[in-house]
Amino acid sequence: VDSNAIVETFDGDTSSTRRANILQNARIILTNPDTLHATLLPKHSKAESFFRRLKFIVIDEAHYYTGLFGSHCGLVFRRLGRMVLSYQSSLRWLAASATLNDAAEHMASLTGQPATNWIAVTKDGSPRGPKTYALWNPPERLVFNHQHLSAKEHAIDELPDRQRCSSIVETASIVAECVRHGISAVCFAKSRKLVELVTSYCKRMVALGG
């Protein structure tokens with residue numbers, strides 16, 4: 001792509017005064033299925049010059065388009081492909097995803113383009129340094145459950161329960177250790193709440209030095 005190419009965003013927040021200029025001059029347009037469905041496709045004649053010049057349709061995060069949402073977007077993508085081909089015949093489709101196992105079949109169902117037309121690029125040729133993968137299993141700890149025992153029953157020998165330490169605390173501990181050694185680290189969690197908990201625990205551990 002030319003370094004001077006005009007790249008624009010065209011979505012619901014784009015003012016009507018800028019839309020015509022974007023469609024006329026932009027080389028790359030970033031948009032979404034909602035805008036395609038509600039604006040660009042119903043009024044495609046107003047963007048004829050752009051669609052006649054369009055060479056590539058790129059779908060990012062292609063694995064996200066599944067289920068009911070994927071079905072709706074798939075219909076929009078198929079309409080887009082048919083509409084563009086009514087203006088010209090050199091259109092090509094591209095998609096990006098790091099988590100698709102059956103990329104060609106998935107994209108075929110999403111766009112209506114035959115699976116044989118899709119080529120899955122599964123080898124990463126980008127430069128990168130060596131990596132080490134480590135799996136951390138939180139250690140076990142012995143837990144005595146005296147909550148429901150009487151004073152007499154406390155005297156009886158009791159076998160402790162074995163439980164795993166909290167994975168959240170263990171994660172915070174590992175990140176804190178990285179911080180203390182000046183190692184750059186990124187931590188992922190399932191939810192925002194868990195991220196906040198790990199961050200809070202980590203800050204406390206670093207401050208206490210443990």
Side-chain angles (χ1 to χ4, degrees), residues 1-128 131 186-196:
V1 178
D2 186 349
S3 59
N4 296 319
I6 299 175
V7 181
E8 295 282 3
T9 298
F10 191 112
D11 57 22
D13 295 327
T14 306
S15 65
S16 56
T17 55
R18 294 189 61 244
R19 292 185 176 188
N21 181 270
I22 290 173
L23 293 173
Q24 185 65 37
N25 299 305
R27 289 278 304 280
I28 300 174
I29 292 180
L30 307 177
T31 189
N32 55 66
D34 288 335
T35 302
L36 285 173
H37 171 68
T39 304
L40 289 173
L41 290 176
K43 303 174 182 178
H44 61 85
S45 59
K46 294 183 178 181
E48 179 178 347
S49 62
F50 173 78
F51 287 124
R52 287 191 180 279
R53 293 181 284 112
L54 184 61
K55 300 300 180 185
F56 300 97
I57 295 176
V58 182
I59 302 175
D60 193 19
E61 301 291 349
H63 57 272
Y64 187 70
Y65 299 96
T66 59
L68 186 59
F69 176 72
S71 298
H72 289 170
C73 291
L75 294 175
V76 173
F77 293 144
R78 293 171 189 231
R79 285 170 54 204
L80 174 62
R82 291 195 301 269
M83 187 274 299
V84 173
L85 291 178
S86 70
Y87 289 117
Q88 44 108 339
S89 59
S90 58
L91 180 66
R92 300 183 68 181
W93 294 78
L94 300 172
S97 172
T99 59
L100 282 176
N101 291 325
D102 53 348
E105 291 296 331
H106 177 78
M107 294 312 301
S109 63
L110 185 63
T111 63
Q113 305 297 311
T116 53
N117 288 3
W118 289 93
I119 299 175
V121 180
T122 57
K123 293 184 179 180
D124 185 359
S126 60
R128 59 183 179 182
K131 294 182 180 179
V186 178
C187 176
F188 295 92
K190 290 183 178 180
S191 66
R192 178 177 176 177
K193 182 178 180 180
L194 286 180
V195 170
E196 292 173 347

Residues passing the salt bridge (Lys or Arg N to Asp or Glu O under 4.0 Å) test with E105, sequence neighbours excluded, are none

Looking at R52, I want to see if its CZ is surrounded by more than 12 non-hydrogen atoms of other residues, nucleotides or ligands under 6.0 Å.
yes

task = Tell me, yes or no, whether the heavy-atom count around Y64 atom OH, taken from other residues, nucleotides or ligands under 6.0 Å, exceeds 12.
result = no

Scanning both residues in full, the closest heavy-atom pair of D60 with A96 reads OD1-CB, 3.6 Å

For R78 and A108, the nearest pair of non-hydrogen atoms, with its separation, is NH2-O, 3.8 Å

Shortest non-hydrogen pair, A98 vs H63, comes out as N-ND1, 4.4 Å

Residue pairs passing the side chain to side chain donor-acceptor pair (under 3.5 Å) test with at least one member in residues 107-122, sequence neighbours excluded, are none

Less than 3.5 Å apart, which donor and acceptor atoms pair up between the side chains of residues 9-18 and the rest of the protein, not counting sequence neighbours?
residue : atom : partner : partner atom : Å
D11     : OD1  : D13     : N            : 2.9
D11     : OD1  : T14     : N            : 3.4
D11     : OD1  : T14     : OG1          : 3.3
T14     : OG1  : T9      : O            : 3.2
T14     : OG1  : D11     : N            : 2.9
T14     : OG1  : D11     : O            : 3.3
S15     : OG   : T17     : OG1          : 3.1
R18     : NH2  : E8      : OE1          : 2.8

So CH2 of W93 and CD1 of I59: to nearest 0.5 Å the spacing works out to 5.5 Å

To the nearest 0.5 Å, atom CG of L94 lies from atom CD1 of I119 at 10.5 Å

- Answer yes or no: is there a donor N or O on one side and an acceptor on the other, between the side chain of R53 and the main chain of Q24, under 3.5 Å? yes

side-chain contact (heavy atoms from CB on, under 4.5 Å) test vs F51 passes for just one of L91, L85, L23, L80, namely L80

_I'd like to know whether NZ of K193 has more than 12 heavy-atom contacts from other residues, nucleotides or ligands below 6.0 angstrom._
no

By ring-ring contact (aromatic ring centres under 6.0 Å, His included), F77 pairs with (sequence neighbours left out) Y65

Note: A189 and V195 closest approach over all heavy atoms is CB-CG2, 3.6 Å

Residue set satisfying salt bridge (Lys or Arg N to Asp or Glu O under 4.0 Å) with E61, at least two apart, ordered chain then number -> none

Anything under 3.5 Å between a donor and an acceptor, one on a side chain of residues 34-46, the other on a protein residue two or more places apart or in another chain? List them.
residue : atom : partner : partner atom : Å
T35     : OG1  : N32     : OD1          : 3.1
H37     : ND1  : R79     : NH1          : 2.9
H44     : ND1  : Y87     : OH           : 2.6

Margin query: side chain to side chain contact (heavy atoms under 4.5 Å, CB included), that's the test. Do T66 and H106 meet it? Break it down for me.
Written below: CA-CA 9 Å; T66 59; H106 177 78; 3.8 Å; yes

